[in-house]
Amino acid sequence: MNNLIALIKLNFLSAINQANKKQSKLNKFLIGFVLLFLLGFSSFYAYSFIKVFKENNVYNYDFLIAFSVLASNFFVIFLFFSSCSNVLYKSKDNDTLFSMPIKKSTIILSKLVSILLLGYMYQFVFLVPFTTIYYIYNGFNFASFICFLFGFFVEPIVPLCLSCLITCFFSFITKKIKYKNLFSTLALFIFFGLFMYFYMQINIYDLITNTSSTNFINYLPWINWLYVSITQNNFMFLLYNILLAVLLSVFIYFFVYVTFFKLCTELNSSISSKSKIYYKNKPVFVSLLNKERKKYFSSPMYVFNTLFAYLILLGACVYFAIDKSLINSFNQILPLSPFTLSIAFITMCVFMLSTANISAVSISIERQSFNLLKGMPLSFNKIIWSKIIFAFIVGLPFILVSSIIFVISYNISFWLFLMIIACCLFYNLFVCMFGMVMNICFPNLTTQNDTVLVKQSLSSFLSILIPLILVIIATTIYFKINFNLIYYFLIILAILIFLFLFLLYFLVFVAKKKIQRIN
């Protein structure tokens, strides 16, 4: 029991805290700030539902519970998809743990529980604000609160079990593939994307005809059971949820127990030795880009978190190209011109690009090997720009394909297409450069946990938050002041050019000195 508690504490703290003691206080502040920000945003979103209900004389406050439970489940499932394989089978501390006199059951259980604790933390920011506002406006009920309390601790167990099963399955079928990290990550993306698409297709008609309906949760039993238990004070449905969670937990534990050592060995073994190695003379910059590619795809956590926004962008464009009912509904209320649609697409695109910053941790993810790279006879500019250009190249096909799909689907003119491409590509370059600047200013070469670097490092956080704030401010200014769209577009473009020149000055004249001090 002592070993189990110690391992749970170690795994959980390593997932939310920095190994670098100098950044420990800053990281704690950062985590606290993010949680408070998400709590405030979730509370504002819940209160917005209340205002909409009152304006339309609808008092279906049960919708708050249904929406929050569904949103928290999807958010937690996404977290588990990106964590299960990395924490369970591809963790860098597995070799150390296997050599210690600790039972395999203890190691497995500690990893599963530490992932579950992260799920509770993320679920908290959705369920608690919505449920609090629900009780404020619908009235407090002790039986309902008991159902919520038990349901809060039971609800993430089902997503955890499903995520473990799915990630294990994809890891198993891709273990013999040379680029297994890339294929397993893409397979998870495709599965999650198809699930979201078909789920939206099932519920889109009901959501359009009755926006306060809660029928959209009927297809996921454990979500529906928790919703019914809270809103109807039904302990029987809570019991169903607990029973399902217990049965799935026992099954997943033994499933992981049987497959753990075998998959750990096969997923972390290299198959490159089975093939011939060829040495080719390549230009230095091409070799640096190739190094960035290998480093990027060697970390599933890195790939999953940075590619997710690109895939959502592409998936959204495909979805709205196939099903135009939602756009047509808006068009009947407020006619949408091709220019307005183009601005809306650019806004969606830059919003997604702001959340997919590859260069923000490209130095930190190299860890101490970056010091070896600095010692080589290479130009600092080539090292920096290889990271920026690689990040730009990763997003390039998604931007081009999404733009082409949008233009063809809505008959956008050629000059508007050029405007879309110019804005999106220029903003993508700006985001890549900004992420590199943040990583140069706030590097971390000591943390061994990819999850901490990609999700919780200061450079990653700032490189996502600041561009998002800029996008939100720009959108708010337009709706408040109501500029002419052409003037608005030119003003935004001028601001981006100014920021681009400022970042370029930093990278050319300041970055070299800062990189030399990184150790």
Side-chain angles (χ1 to χ4, degrees), residues 35-79 119-159 196 199-245 325-326 329-330 333 472:
L35 288 176
L36 288 175
F37 175 80
L38 290 175
L39 282 171
F41 181 80
S42 184
S43 301
F44 173 77
Y45 204 72
Y47 184 69
S48 299
F49 275 117
I50 297 294
K51 289 191 66 177
V52 171
F53 289 159
K54 287 185 175 182
E55 289 175 359
N56 293 276
N57 294 320
V58 176
Y59 299 97
N60 183 19
Y61 298 130
D62 293 350
F63 180 84
L64 294 175
I65 300 298
F67 179 83
S68 64
V69 174
L70 180 67
S72 65
N73 266 263
F74 280 159
F75 195 64
V76 168
I77 286 174
F78 169 67
L79 167 73
Y120 288 138
M121 187 171 67
Y122 281 91
Q123 179 183 254
F124 181 86
V125 300
F126 279 98
L127 280 183
V128 172
F130 273 82
T131 308
T132 302
I133 291 179
Y134 168 77
Y135 285 135
I136 291 174
Y137 285 92
N138 198 55
F140 180 79
N141 184 283
F142 184 74
S144 173
F145 178 73
I146 293 297
C147 291
F148 165 75
L149 195 61
F150 278 92
F152 178 87
F153 290 103
V154 171
E155 193 66 14
I157 295 177
V158 175
M196 291 294 294
Y199 190 81
M200 287 296 295
Q201 285 294 103
I202 292 172
N203 295 283
I204 189 67
Y205 177 77
D206 188 60
L207 288 173
I208 292 175
T209 56
N210 186 5
T211 55
S212 63
S213 172
T214 59
N215 293 334
F216 57 86
I217 62 172
N218 292 342
Y219 304 98
L220 300 173
W222 70 93
I223 294 178
N224 189 44
W225 292 341
L226 179 59
Y227 162 75
V228 173
S229 65
I230 294 175
T231 57
Q232 299 181 17
N233 309 329
N234 194 319
F235 288 99
M236 184 58 67
F237 281 90
L238 176 63
L239 185 60
Y240 292 160
N241 234 354
I242 295 174
L243 185 61
L244 176 65
S325 58
L326 190 59
S329 299
F330 279 113
I333 301 172
I472 293 171

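When a residue number appears, it is its place in the shown sequence, counting from 1. Worth saying up front: this structure is predicted, and the values here are computed from it rather than measured.
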| request: Taking the side chain as every heavy atom from C-beta outward, state whether Phe148 and Ile65 have any pair of such atoms under 4.5 Å apart. | output: no
| field | Non-hydrogen side-chain atoms of Trp225 and Ile242 separated by less than 4.5 Å | value | no
| field | Atom of Glu155, atom of Trp222 and distance for their closest heavy-atom approach | value | OE2-CD1, 3.0 Å
| Interatomic distance, Phe126 atom CZ to Phe67 atom CZ [nearest 0.5 angstrom] | 7.5 Å
| query | Can you find a pair of side-chain heavy atoms, one from Phe150 and one from Ile146, that are under 4.5 Å apart? | reply | yes
| said: If I compare all heavy atoms of Leu226 with all of Gly151, which pair ends up nearest, and what's the gap? | reply: CD1-CA, 3.5 Å
| message | Parallel, tilted or perpendicular: which one describes the rings of Phe140 and Phe145, with boundaries at 30° and 60°? | response | tilted
| task | Quick one: sort the Tyr120 and Phe153 rings into parallel, tilted or perpendicular, breaks at 30° and 60°. | result | perpendicular
| Closest contact, heavy atoms only, Leu64 versus Ile133 | CD1-CG2, 4.2 Å
| What is the minimum heavy-atom distance between Val76 and Pro156, and which atoms define it? | CG1-CB, 4.4 Å
| Donor-acceptor contact below 3.5 Å, side chain Thr131 vs main chain Val128 | no
| said: To the nearest 0.5 Å, what is the distance between CG on Asn138 and CG on Asp62? | reply: 6.0 Å
| request: Applying ring-ring contact (aromatic ring centres under 6.0 Å, His included), run through Tyr134 and Tyr61 and close with a yes or a no. | output: CA-CA 6 Å; Tyr134 168 77; Tyr61 298 130; 7.5 Å; no
| said: Check whether Asn224 reaches the backbone of Leu220 with its side chain - one donor and one acceptor, N or O, closer than 3.5 Å. | reply: no
| task | Can you label the angle between the Phe237 ring and the Tyr240 ring as parallel, tilted or perpendicular, going by 30° and 60°? | result | perpendicular
| message | Can a donor-acceptor pair be found, under 3.5 Å and without considering hydrogens, that links the side chain of Ser144 to the backbone of Thr231? | response | no
| Which pair of non-hydrogen atoms, one from Ser229 and one from Cys147, has the smallest distance, and what is that distance? | O-SG, 3.3 Å
| message | Please find the pair of heavy atoms, one from Ile157 and one from Ala245, that lie closest to each other, and give the distance. | response | CG2-O, 3.7 Å
